[in-house]
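A short write-up of the structure that comes next.
None of the values given here were measured: they were computed from a predicted structure.
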Number of protein chains: 2
Amino acid sequence: MTSKQEFIEKLRNSCLRPTKQRINICEVLFNRDKTFHFTINDLFNLIKDKTGEKISLATVYNTVHAFHKKGYLKEIPINSNQTYFDTNVTDHHHFFDVKEEKLIDLKNEDVGPIEIQKSIPGKKIKSVEVLVKLED
Amino acid sequence: MTSKQEFIEKLRNSCLRPTKQRINICEVLFNRDKTFHFTINDLFNLIKDKTGEKISLATVYNTVHAFHKKGYLKEIPINSNQTYFDTNVTDHHHFFDVKEEKLIDLKNEDVGPIEIQKSIPGKKIKSVEVLVKLED
DNA sequence: ATCTTCTTTAGAATAATTATAAACAACAAA
DNA sequence: TTTGTTGTTTATAATTATTCTAAAGAAGAT
């Protein structure tokens, strides 16, 4: 259980003013035991349901992008028309259930170390992501 | 160098009528030495330049999707607003140069075997894709 | 209180993609 | 060849995800 006060500090630390909307979004996103995968649309609807208050879609976009930039959210590359985010920002990978359109976390140790044996001059590796697609 | 006749047969084998447009698209996509990464928009423009004939955008979409469905193209999950395709349909991975927005093939042996040590009941693995993002 | 700066908001704008329905081309059979 | 059927192309409209805009509102500092 994370308190409202912690969210306010979290926002302050990132030079984001702790507004009502941002705190609400924090509650929905981070006040959980388990990691949470979502699209902007999922989040938009969830906020309405959970808090009873509607936050403008533009604000949801702004806030998610701000959190992503600050490293509080991870963007997950899936081939889909919608962008997925993950509250688990540690280094890890994903299953994607193609039929259910659902993401499942894969711990780093479930995949093992990945050694990239090729390099591109002038470039360095920013991230290594494994996506395992699942079918029935 | 692949001949027009081969493309016609390729299309026939997939129950796709060999139309002028589809053959042109084949020429642009498959008549190359190296693997080719593209977005629909890239392809649309390239066709105009290379063949001098304009193919309707809707046809480009239809054809690319048909080829993808038949396994002649691979879709590559990158976080971007555009969908990327690859003429290399063998099992392999990718670098993505974030700044240049460019894809580079990574051979399977450049990555080494990936053992997924977790399974989801009722589901089997369809594909394992590694995306390595590059920065300067 | 007051002022400045940041944020929210509804709605408009943009961009990628998909749907539509009429004209057209490929194919098979006579 | 003609003819009929079915698949394909096309321009355009529709849809969807996302970003932009500009005005109203809230936070923070003085």
**Asked** Counting heavy atoms not belonging to B/Lys107, are there more than 12 under 6.0 Å from its NZ?
**Response** no

**Message:** Tell me the closest heavy-atom pair linking B/Ile55 and B/Phe44, and the distance in Å.
**Reply:** O-CE1, 3.0 Å

**Check against salt bridge (charged side-chain N to carboxylate O under 4.0 Å, His left out), B/Lys50 and B/Glu27** = CA-CA 9 Å; B/Lys50 276 210 177 181; B/Glu27 304 268 9; over 6 Å; no

**Message:** How many whole angstroms separate atom CG of A/Leu11 from atom C1' of D/dA27?
**Reply:** 13 Å

**Message:** Heavy atoms only, 4.0 Å cut-off, all strands: where does A/Thr83 land among base, sugar-phosphate and nothing?
**Reply:** sugar-phosphate

**Request:** Measure up the A/Phe7 and A/Phe30 rings against each other and bin them: parallel (under 30°), tilted (30 to 60°), perpendicular (over 60°).
**Result:** tilted

**Complete:** In whole angstroms, the gap separating P of D/dT8 from CG of B/Leu16 amounts to 6 Å

**Prompt:** Quick one: is A/His65 getting a side-chain N or O under 4.0 Å of the D/dT19 phosphate, OP1 or OP2?
**Reply:** yes

**Message:** Out of the candidates B/Asn108, B/Asp110, B/Asp86, only one should pair with B/His92 under the side-chain hydrogen bond (donor to acceptor under 3.5 Å, both in side chains) rule; please name it.
**Reply:** B/Asp86

Which atoms of nucleotides 9-13 of chain D (N or O only) lie under 3.5 Å from a protein N or O atom, and what are those distances?
| residue | atom | partner | partner atom | Å |
| --- | --- | --- | --- | --- |
| D/dT9 | OP1 | B/Thr19 | OG1 | 2.5 |
| D/dT9 | O3' | B/Gln21 | NE2 | 2.6 |
| D/dT10 | OP1 | B/Gln21 | NE2 | 3.2 |
| D/dT10 | OP2 | B/Ser56 | N | 3.2 |
| D/dT10 | OP2 | B/Thr59 | OG1 | 3.0 |

**Fill in**
To the nearest angstrom, the CD-C1' distance between A/Gln82 and D/dT19 comes to 15 Å

**Asked** Side-chain contact, heavy-atom cut-off 4.5 Å: A/Thr87 with A/Leu73?
**Response** yes

**Complete:** 5'-most to 3'-most nt of DNA chain C touching chain B (<4.0 Å, heavy-atom partner on protein side) reads C/dA16 to C/dC27

**Request:** Check whether more than 12 heavy atoms from other residues, nucleotides or ligands sit under 6.0 Å from atom CD of A/Glu101, and answer yes or no.
**Result:** no

**With A/Asp136, the side-chain hydrogen bond (donor to acceptor under 3.5 Å, both in side chains) member among B/Lys126, B/Lys124, B/Lys123** = B/Lys123

**Request:** May I have the distance from A/Tyr61 (atom OH) to D/dT21 (atom P), rounded to whole angstrom?
**Result:** 17 Å

**Fill in**
Here the distance between atom C1' of D/dT16 and atom CG of A/Asp42, to the nearest Å, is 15 Å

